[in-house]
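Notes to accompany the following structure.
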Amino acid sequence: MRTHIVWDWNGTLFHDMEAVVDASNAAFASVGGEPLTIEQYRALYEIPIPRFYQRVLGFQPSGAEWERLDAAFQDRYAQVSGDCALTEGAAELLAGWSAAGGTQSLLSMYAHEKLVPTVLRFGIERHFLRVDGRTGPSHGQKAASLVRHLAALGPAVDPARTVLIGDAADDALAALEVGAHAVLYTGGSHVRENLEPVGVPVVDSLAEAVELARKITA
């Protein structure tokens, strides 16, 4: 059985950190919060998102404030994310993995109905056995989604020979929970210092991540 890669989207294949921080600052402003720089965002970011917002804002948002934060984020992200591109070299890595006989899929916590058109826009959907975005609340964690994703892929994909490549500690925790491997990429939501304590390999490029995925399950 060949190695299977589960790719994360935002901050991994999709280079959208500037848009994410812009949208996050719009959200903070909606409840009187101050903006963050990209460096500050990456140093403070954590999942679940409500805990991150509490850390940045200095208070626990109420239910109504959470709805305002989420709406402001989604509205601003929709406005600015259209200018974002794939991470450098991502399309070539996807094509190369497929050409070599490897399998891969995409699992994101971005809303499914928004994720699919974005993937189609870049013409990379043919490389994936499956593309799954979030179908529930926007503040959840990835483990339950990964369980469903692997179950949908069926017996052809063995979790023990699966590597999740993502940019957040939550990606690695989800992979470890289902008995898969993980490689974390420093070009997205977290600084390296916040990824290394998770205890999985941390790399500075997607090319390194793919090479490690190949070695981990060799």
Side-chain angles (χ1 to χ4, degrees), residues 1-21 38-39 41-43 45 47 81 83-110 115 118-133 142 146 149-150 153 157-176 178-218:
M1 187 174 287
R2 292 182 180 272
T3 299
H4 179 79
I5 293 177
V6 177
W7 289 96
D8 173 57
W9 181 245
N10 303 94
T12 303
L13 287 176
F14 191 44
H15 186 67
D16 66 342
M17 280 308 302
E18 289 83 0
V20 167
V21 175
I38 288 182
E39 292 76 15
Y41 180 100
R42 297 180 72 240
Y45 183 72
I47 294 174
S81 60
D83 294 330
C84 298
L86 294 178
T87 299
E88 185 176 358
E92 292 78 10
L93 288 168
L94 294 173
W97 188 261
S98 294
T103 60
Q104 50 200 329
S105 57
L106 178 58
L107 175 63
S108 174
M109 296 303 284
Y110 188 38
L115 172 68
T118 309
V119 173
L120 291 172
R121 174 161 62 90
F122 289 109
I124 56 174
E125 70 283 352
R126 65 188 182 279
H127 299 306
F128 303 119
L129 296 182
R130 187 174 182 88
V131 174
D132 283 326
K142 203 164 200 171
L146 182 57
H149 183 74
L150 293 176
L153 287 168
V157 173
D158 178 4
R161 293 190 59 81
T162 295
V163 181
L164 194 159
I165 298 176
D167 69 315
D170 188 58
D171 292 313
L173 296 175
L176 296 174
V178 302
H181 304 273
V183 177
L184 296 178
Y185 164 60
T186 62
S189 59
H190 285 342
V191 294
R192 175 180 281 273
E193 292 75 13
N194 292 344
L195 294 176
E196 288 179 336
V198 182
V200 303
V202 177
V203 298
D204 296 321
S205 73
L206 295 186
E208 292 175 86
V210 170
E211 185 57 32
L212 265 178
R214 185 178 288 110
K215 291 177 179 178
I216 285 171
T217 57

Nearest-0.5 Å distance that lies between atom [atom1] in [X] and atom [atom2] in [Y]:
X	Y	atom1	atom2	answer
Leu115	Met109	CG	CE	11.5 Å
Leu129	Ser98	CG	OG	8.5 Å
Leu107	Ile165	CG	CD1	13.0 Å
Tyr110	Thr118	OH	OG1	5.0 Å

Does the side chain of [Y] come within less than 4.5 Å of [X]'s, by heavy atoms?
X	Y	answer
Thr103	Arg2	no
Leu153	Ser105	yes
Ile124	Leu106	no

For Arg130, side-chain hydrogen bond (donor to acceptor under 3.5 Å, both in side chains) partners two or more places apart: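 Expected list: Asp132.
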For residues 208-218, which residue pairs qualify under side-chain hydrogen bond (donor to acceptor under 3.5 Å, both in side chains), counting only residues two or more places apart or in two chains?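 Found Thr3-Thr217, Ser205-Glu208, Glu211-Arg214.
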Using a 3.5 Å distance criterion without hydrogens, assess whether the side chain of Gln104 forms a donor-acceptor pair with backbone atoms of Leu94.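 Yes; judged by distance alone, with no hydrogens or angles, the pair exists.
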Checking His181 side chain against Leu164 main chain: does a donor-acceptor pair fall under 3.5 Å?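 No; zero donor-acceptor contacts below 3.5 Å.
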Would you mind listing every ring pair (Phe, Tyr, Trp, His ring centres under 6.0 Å) that reaches into [range], with sequence neighbours excluded?
range	result
residues 84-104	none
residues 189-218	Tyr45-His190
residues 192-218	none

Do the side-chain N and O atoms of His4 and Thr162 include a donor-acceptor pair separated by under 3.5 angstrom?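 Absent: no donor and acceptor within the cut-off.
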Least distance between heavy atoms, [X] atom then [Y] atom:
X	Y	answer
Leu206	Ala90	CD1-CB, 4.1 Å
Tyr185	Asp204	CE1-O, 3.6 Å
Leu212	Pro201	CD1-CB, 3.6 Å
Ala169	Val198	CB-CG2, 3.7 Å

Would you please test Trp9 and Val119 for side-chain contact (heavy atoms from CB on, under 4.5 Å) and show each step? CA-CA 9 Å; Trp9 181 245; Val119 173; 4.1 Å; yes
Run the side-chain donor-acceptor check on residues 10-19: report pairs under 3.5 Å with partners two or more places apart or on a different chain.
{"from": "Asn10", "atom 1": "OD1", "to": "Ser108", "atom 2": "OG", "distance (Å)": "3.4"}
{"from": "Asn10", "atom 1": "ND2", "to": "Asp16", "atom 2": "OD2", "distance (Å)": "2.8"}
{"from": "Asn10", "atom 1": "ND2", "to": "Tyr77", "atom 2": "OH", "distance (Å)": "3.1"}
{"from": "Thr12", "atom 1": "OG1", "to": "Asp8", "atom 2": "OD2", "distance (Å)": "2.7"}
{"from": "Thr12", "atom 1": "OG1", "to": "Asp167", "atom 2": "N", "distance (Å)": "3.3"}
{"from": "Thr12", "atom 1": "OG1", "to": "Asp167", "atom 2": "OD1", "distance (Å)": "3.4"}
{"from": "Asp16", "atom 1": "OD1", "to": "Gly11", "atom 2": "N", "distance (Å)": "3.0"}
{"from": "Asp16", "atom 1": "OD2", "to": "Tyr77", "atom 2": "OH", "distance (Å)": "2.6"}

